[in-house]
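Following: one structure in structure tokens, then a few remarks.
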Amino acid sequence: MVKEVFIYRKLTLFPKATPRKLLVTLICMLIFWIVYLASKEYTKFLFSLKTHIALNQRNIFKSFSCSEAPQKTPVWSTETELRIQEIMAKLDQQIPPRPFTHVNTTTSASHSTATILNPQHTYCMGDQLDVLLEARDHLGHRKQYGGDFLRARMSSPALEAGAAGKVTDFNNGNYLVTFTLFWEGQVTLSVLLIHPSEGASALWRARNRGYDRVIFKGKFVNVTSHVFTECGLTPMSRAELCEYLDARDQEAFYCVKPPHMPCEALTHMFSKNRNISYLTDQEKSLFHRSNMGVEMLKNFTTIKVLPCNRHENIKQKCQIGMKTPFPSGYTLNRRWISAFCKQNKFNAMKYINDCLKGKLIYLMGDSTLRQWIYYFKKVVETLKFFDRHGTGYFRTHVLLDVERNILIQWKKHGQPFVTKRLFSVKDENYISREIDRVAGDNNTTIVITLGQHFRPFPVNIFIRRVINIQKAIDRLFLRSPETKVILKTENIREIPQNAEMFSDFHGYIQNLIMRDIFTDLNVGIIDAWDMTIAYCANNVHPPYYVIENQVGMFLNYLC
């Protein structure tokens, strides 16, 4: 069996030696004819060629000529490339280019109108309330196309209650906003215009233009000396490079090779944002803070909801594999209540301890999932951190309870990982590789989340990563179908100053991608996107009570 390994190698771009180029060209031509003559069909011949896939925006199949090709270039999976192309094509169709000549022709929250369909004096719990939203520009003209990025929410502040609304885009300037009236009382409706369609279109185009909004710095160590060099997801220099390549999964990372140091000397990394934008000056005006997240239903009528002797339908217990609707639940008195399955309450340490007994839990992803391990440490006194002598906030975290045979581990996902804090690269791995290392059984659970660190980069990087994770889960289920896998979707976050890099629009698109790729997998879904809208938790790291309810949903899947 061929053992899969990461390939660390030096890579020199644009070699200068003309004789060497000629020799490489002749060798390539010889290989070309040998392969061609050995091929039974021309199509098989095409797939036998080794191509170097450049990680450029939408240019999935860009290959090097023979004279430019680095040695040992892996054969990329044609199936993966076709899936990436297919998903990109669907997204391009969903987010078409929108004309933008002046801010006055973009969607205006104050000029748009909203009408309740089939209005009533009072409503009953469980009813559906529909609002027709007609988008207009700043001159009062009706918009002729859709694509506005909207966020709908209903709430009752006195009850600490909230739920997301569902927005249906008719692609003609009209939107249907649907609310399910989950609780009784006075309910306020809200629709925010996060970005007009022209802004969403500009973000999509700009996102896929380049990889250089973030610069990575790699620390190379040689005994007592060290040096930092530039690193990135694509070759960024004509200098000699170190290429850190996962040949099977087609994932690569590059660093400028420091003189007199091997590529294996890379130990740590950090990142910083670059002052680079692919938006025009005119487009940038759409992303001033005053133009993002503007309320569209100002002074809108509040809704009175009565119980109407409604009896709650008996729901099936929450379990892995259930399809989650949107909205998937609501908050009441700060407690998350699922709309599609029956929950048990895990609000006492004994119940949590009993649920966790004998369990191996692997948390894989970003710092929004790291919040979970801090929550477990706080509520379960018997869990103690095991010191693995790591570096900084992003080291691997391990909680142990030896007597009850409980292990909970958090490990960050592989590059890109965007942070100004220095972190070790020696213990990091791609999630797909981490899944491959899990033997699995009915007491093993894997929780996955990723997305926030991918927002500043072209989306094909994210698509490839999710496909690789899906394949790893398929392999896991072949050897251990009883292992539980749970996907926590991205949270919403605060409206950032740099919307081009970190807007929730990027997270929304990534959530669509995750659901599309994971649709046929037997996994549990914790819809953190839905939950954080319901809680109005506009922070990349939600408050404690939100984490408590995310973990509560997780425990319902687990036990």
Side-chain angles (χ1 to χ4, degrees), residues 57-58 87-119 128-153 164-179 189-209 277-301 326 459 495 499-500 503-509 511-513 516 533:
Q57 171 235 351
R58 304 184 199 176
I87 292 170
M88 287 295 297
K90 286 196 293 187
L91 291 172
D92 282 335
Q93 191 173 22
Q94 187 169 333
I95 318 165
R98 294 302 184 192
F100 178 45
T101 55
H102 192 277
V103 69
N104 284 342
T105 64
T106 65
T107 307
S108 165
S110 59
H111 288 83
S112 299
T113 60
T115 306
I116 295 178
L117 302 180
N118 303 316
Q128 179 174 299
L129 186 145
D130 295 324
V131 176
L132 182 64
L133 187 65
E134 185 181 87
R136 295 179 178 270
D137 64 22
H138 290 264
L139 301 176
H141 301 143
R142 281 194 56 184
K143 296 293 292 290
Q144 300 301 312
Y145 50 83
D148 296 319
F149 183 45
L150 309 175
R151 178 173 299 156
R153 181 175 182 264
K166 182 178 180 181
V167 179
T168 302
D169 185 350
F170 294 119
N171 296 312
N172 60 2
N174 290 333
Y175 301 85
L176 181 66
V177 186
T178 303
F179 298 94
L189 308 179
S190 168
V191 178
L192 299 180
L193 175 63
I194 307 297
H195 303 303
S197 53
E198 296 80 6
S201 177
L203 286 177
W204 178 243
R205 189 202 73 250
R207 175 175 183 174
N208 293 300
R209 284 282 301 277
S277 174
Y278 293 102
L279 297 171
T280 67
D281 289 339
Q282 193 175 36
E283 288 169 340
K284 288 177 185 177
S285 66
L286 298 175
F287 303 104
H288 295 159
R289 179 62 186 87
S290 59
N291 294 331
M292 295 187 290
V294 183
E295 180 61 64
M296 300 189 78
L297 303 185
K298 256 185 180 176
N299 304 319
F300 202 68
T301 308
F326 188 89
V459 76
I495 293 178
E500 183 176 352
S503 168
D504 274 342
F505 173 74
H506 300 315
Y508 170 72
I509 296 301
N511 273 335
L512 294 180
I513 293 167
D516 182 51
I533 291 176

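In what follows, every heavy atom counts, from backbone to side chain, and hydrogens, waters and symmetry copies are set aside.
Under the rule for a ring pair (Phe, Tyr, Trp, His ring centres under 6.0 Å), Tyr145 has no partner lying at least two apart in sequence or in another chain. A search for side chain to side chain contact (heavy atoms under 4.5 Å, CB included) contacts involving Thr280 returns Gln282, Glu283, not counting sequence neighbours. In this view, Ser110 and Ser108 satisfy the side-chain hydrogen bond (donor to acceptor under 3.5 Å, both in side chains) rule, not counting sequence neighbours. Contacts of Ser277 classified as side chain to side chain contact (heavy atoms under 4.5 Å, CB included), with partners at least two apart in sequence or in another chain: Leu279, Lys284, Glu500. With sequence neighbours excluded, the residues satisfying side chain to side chain contact (heavy atoms under 4.5 Å, CB included) with Lys90 are Asp516. Residues satisfying the salt bridge (charged side-chain N to carboxylate O under 4.0 Å, His left out) test with Glu134, not counting sequence neighbours, are Arg136, Arg142. Arg151 meets the salt bridge (charged side-chain N to carboxylate O under 4.0 Å, His left out) test with Asp504; sequence neighbours excluded. Annotation: side chain to side chain contact (heavy atoms under 4.5 Å, CB included) contacts of Asn511 (sequence neighbours excluded): Thr489, Glu490, Trp529. Considering only residues two or more places apart in sequence or on other chains, His506 meets the ring pair (Phe, Tyr, Trp, His ring centres under 6.0 Å) condition with none of them. Under the side-chain hydrogen bond (donor to acceptor under 3.5 Å, both in side chains) criterion, Tyr508 pairs with no residue at all, not counting sequence neighbours.
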> side-chain contact (heavy atoms from CB on, under 4.5 Å) between His111 and Lys143: does it pass, once the steps are laid out?
Replying inline: CA-CA 11 Å; His111 288 83; Lys143 296 293 292 290; over 6 Å; no
>> Set out, in order, the CA-CA distance, both residues' side-chain angles and the distance that settles side-chain contact (heavy atoms from CB on, under 4.5 Å) for Met88 and Val459, then state yes or no.
In response: CA-CA 8 Å; Met88 287 295 297; Val459 76; 3.2 Å; yes
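Considering CG of Leu139 and OG1 of Thr106, their distance stands at 9.5 Å, rounded to 0.5 Å. Atom CG of Leu132 and atom CZ of Phe170 lie 7.0 Å apart (nearest 0.5 Å). If you take CD on Glu198 and CG on Asp137, they are separated by 8.5 Å, rounding to the nearest 0.5 Å. In this structure, Leu150 CG and Ile194 CD1 are separated by 8.0 Å, a value rounded to the nearest 0.5 Å.
The side-chain heavy atoms of Leu297 and Leu133, taken from C-beta on, include a pair separated by under 4.5 Å. The closest side-chain heavy-atom distance from Val131 to Phe179 is below 4.5 Å. The closest side-chain heavy-atom distance from Leu91 to Ile513 is below 4.5 Å.
Scanning all heavy atoms of the two residues, the minimum distance from Ala109 to Val294 falls at CB-CG1, 3.6 Å. For the pair Ala200 and Gly147, the tightest heavy-atom approach, listed with the atom from each and the gap, is CB-O, 3.8 Å. Taking each heavy atom of Ser112 and Thr107 in turn, the nearest pair found is OG-CG2, 4.0 Å. Of all heavy-atom pairs spanning Leu286 and Met292, the tightest one is O-CG, 3.9 Å. Between Ala152 and Val167, the shortest heavy-atom contact is CB-CG2, 4.0 Å. The minimum heavy-atom distance between Leu192 and Gly293, with the atom names listed, is CD2-O, 3.8 Å.
Screening residues 168-179 for side chain to side chain donor-acceptor pair (under 3.5 Å), with sequence neighbours left out, gives Asp130-Thr178, Asp148-Tyr175.
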Sequence neighbours excluded and cut-off under 3.5 Å, please list the side-chain donor-acceptor pairs for residues 93-105, or say none.
unit_1	atom_1	unit_2	atom_2	d
His102	ND1	Asn104	N	3.0
Thr105	OG1	His102	O	2.7

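With Val177 as the partner, the side-chain contact (heavy atoms from CB on, under 4.5 Å) test is satisfied by one option alone out of Val191, Leu189, Leu129: Val191.
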